[in-house]
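Read the structure below first, then the notes.
If you read the sequence from its start, that first residue is 1, and numbering goes on from there. Everything quoted here is computed from the prediction, not taken from an experiment.
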Amino acid sequence: MEIIEDRHNRKATIIASQFPVASWFDIIGEETIADAILDRIVHTSHRFELKGESLRKKL
């Protein structure tokens with residue numbers, strides 16, 4: 001939370017995740033912190049959601 005708060009509306013922050021944004025709230029867990037983080041990140045973001053097969057080799 002401190003990192004997001006320090007950078008909010010001042011600097012760019014790049015976040016890469018294998019989880020969809022819709023599940024971030026549950027992953028963060030603590031409701032108050034999740035609301036604060038997601039409010040600062042999601043509503044002012046440029047999102048790129050990749051679709052298709054993984055480029056990693058499957059075993």
**Prompt:** To the nearest 0.5 Å, what is the distance between CD1 (Ile37) and CD1 (Ile28)?
**Reply:** 4.5 Å
**Prompt:** Say you draw a straight line from NE2 of His46 to CD1 of Ile14; how long is it, rounded to the nearest 0.5 Å?
**Reply:** 11.5 Å
**Message:** Working note: Arg47 + Glu49, criterion salt bridge (Lys or Arg N to Asp or Glu O under 4.0 Å); need CA distance, chi angles, decisive distance, verdict.
**Reply:** CA-CA 6 Å; Arg47 290 175 38 195; Glu49 294 187 25; 2.3 Å; yes
**Asked** Is the backbone N or O of Phe19 less than 3.5 Å from a side-chain atom of Ser17, with the two atoms forming a donor-acceptor pair by type?
**Response** yes
**Request:** Check for a donor-acceptor pair, side chain of Trp24 on one end and backbone N or O of Leu38 on the other, with a separation under 3.5 Å.
**Result:** no
**Request:** Tell me, please, which residues at least two apart from Glu31 pass side-chain hydrogen bond (donor to acceptor under 3.5 Å, both in side chains).
**Result:** none
**Asked** Which residues satisfy the side-chain contact (heavy atoms from CB on, under 4.5 Å) test with Thr32, sequence neighbours excluded?
**Response** Glu30
